[in-house]
> 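Take a look at this one; I'll ask things after.
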Amino acid sequence: QVQVVESGGSLVQAGGSLRLSCTTSGLTFDDYFMGWFRQAPGKEREGVSCISRSSTHTYYADSVKGRFTVSRDNAKNTLYLEMNSLKPEDTAMYYCAAGRSAWRSCSSSSSAYNYWGQGTQVTVSS
């Protein structure tokens, strides 16, 4: 049974930092590209960042470019999202997802992902 579990969400002041983690089990981690998505109340789910299987390719949404850094440790089956200079508009539920494709390096589209976590809440106060 595949499990995807996010952690690290919290309440933080604007300008602060957080590090989200995502651990997986039941799948061969380095067979999957990984992504971070977020969804704020009343808004659609947004692709925040993704990383290819060997970390050679990454993607960032324009809204987080220069502030967020995605990384993975294949030996620990863990994905990370380092978030700096947080803004109130970063407030959302953050989800981790795993996707597998013979030809994709990674994707900002939720339809490309096979497995999802339950999410971790990030709240940024002004």
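What you see below is based on every heavy atom in this structure, not just the backbone, and it leaves out hydrogens, waters and symmetry mates. Not measured: the values here are computed from a predicted model.
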> Quick one: does any side-chain atom of E6 pair with a main-chain N or O of Q118 as donor and acceptor, under 3.5 Å?
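Looks like yes, one N/O pair under 3.5 Å.
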> By side chain to side chain donor-acceptor pair (under 3.5 Å), which residues pair with R45, not counting sequence neighbours?
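Result, side chain to side chain donor-acceptor pair (under 3.5 Å) vs R45: none returned.
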> Let's go through S109 and S111 carefully: what are the C-alpha distance in whole Å and the side-chain angles of both, what is the deciding distance for side chain to side chain donor-acceptor pair (under 3.5 Å) to 0.1 Å, and is it a yes or a no?
CA-CA 5 Å; S109 171; S111 63; 2.8 Å; yes
> Using only atom types and a distance under 3.5 Å, with no angle test, would you say the side chain of T78 pairs donor to acceptor with the backbone of K76?
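Yes, because the side chain of T78 sits within donor-acceptor range (under 3.5 Å) of the backbone of K76.
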> Could you report the tightest heavy-atom contact between M93 and G119, atom names first, then the distance?
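Answer, listing the atom of M93 first, then G119: SD-C, 3.7 Å.
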> Kindly write out the residues that satisfy side chain to side chain donor-acceptor pair (under 3.5 Å) with N74, not counting sequence neighbours, or none if the list is empty.
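Listed in chain order: R72.
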> Heavy atoms, side chains only, cut-off 4.5 Å: are S110 and W116 in contact?
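Side-chain contact under 4.5 Å: yes.
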> Between R104 and F33, is NZ or CZ placed under 6.0 angstrom from the six-membered ring centre and within 45° of the ring axis?
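Here R104 fails the 6.0 Å and 45° test against F33.
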> Taking the six-membered ring for Trp, are F37 and Y113 parallel (under 30°), tilted (30 to 60°) or perpendicular (over 60°)?
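Correct class here is perpendicular.
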> Once salt bridge (Lys or Arg N to Asp or Glu O under 4.0 Å) is applied, do any residues pair with R53, and if so which ones, sequence neighbours excluded?
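Once residues adjacent in sequence are excluded, R53 has no partner under the salt bridge (Lys or Arg N to Asp or Glu O under 4.0 Å) criterion.
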> Run through the side-chain heavy atoms of Ile, Leu, Val, Met, Phe, Trp and Tyr, join any pair under 4.5 Å, and report what else lands in Y59's cluster.
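Noted: Y59 shares its cluster with no other residue.
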> Which pair of heavy atoms, one from A14 and one from S126, lies closest together, and at what distance?
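Scanning both residues, the minimum pair turns out to be CB-CA, 4.3 Å.
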> Check salt bridge (Lys or Arg N to Asp or Glu O under 4.0 Å) between E89 and all other residues, then give those that pass, not counting sequence neighbours.
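Counting only residues at least two positions away or on another chain, E89 forms no salt bridge (Lys or Arg N to Asp or Glu O under 4.0 Å).
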> Is any side-chain heavy atom of S125 closer than 4.5 Å to one of L11?
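Touching, per the 4.5 Å side-chain cut-off.
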> Does K43, at its NZ atom, have more than 12 non-hydrogen atoms belonging to other residues, nucleotides or ligands within less than 6.0 Å?
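Incorrect, the count does not exceed 12.
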> Check which hydrophobic residues are tied to W36 through side-chain heavy-atom contacts below 4.5 Å, counting indirect links as well, and list them.
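Other cluster members: V2, V4, V12, L18, L20, L27, F29, Y32, M34, V48, I51, Y60, V64, F68, V70, L79, L81, M83, L86, Y94, Y115, V122, V124.
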> Could you check if a side-chain atom of E82 sits within less than 4.5 angstrom of a side-chain atom of S71, using non-hydrogen atoms only?
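With C-beta onward as the side chain, the pair stays apart.
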> Measure across S107 and C50 and return the closest heavy-atom pair with its distance rounded to 0.1 Å.
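Nearest heavy atoms, S107 then C50: N-SG, 3.4 Å.
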> Would you indicate whether the side-chain heavy atoms of Y95 and T120 approach each other to under 4.5 Å?
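Not touching, per the 4.5 Å side-chain cut-off.
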> Might you work through the side-chain contact (heavy atoms from CB on, under 4.5 Å) test for D31 and R100, ending with a clear yes or no?
CA-CA 7 Å; D31 280 350; R100 189 171 184 178; 3.6 Å; yes
> Going through the checks in order, is the side chain to side chain donor-acceptor pair (under 3.5 Å) test met by T23 and N77?
CA-CA 6 Å; T23 58; N77 293 354; over 6 Å; no
> Please determine if K87 and D90 form a salt bridge, counting it only when a charged side-chain N lies under 4.0 Å from a carboxylate O.
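Here K87 does not pair with D90 in a salt bridge, since their nearest N and O are not under 4.0 Å apart.
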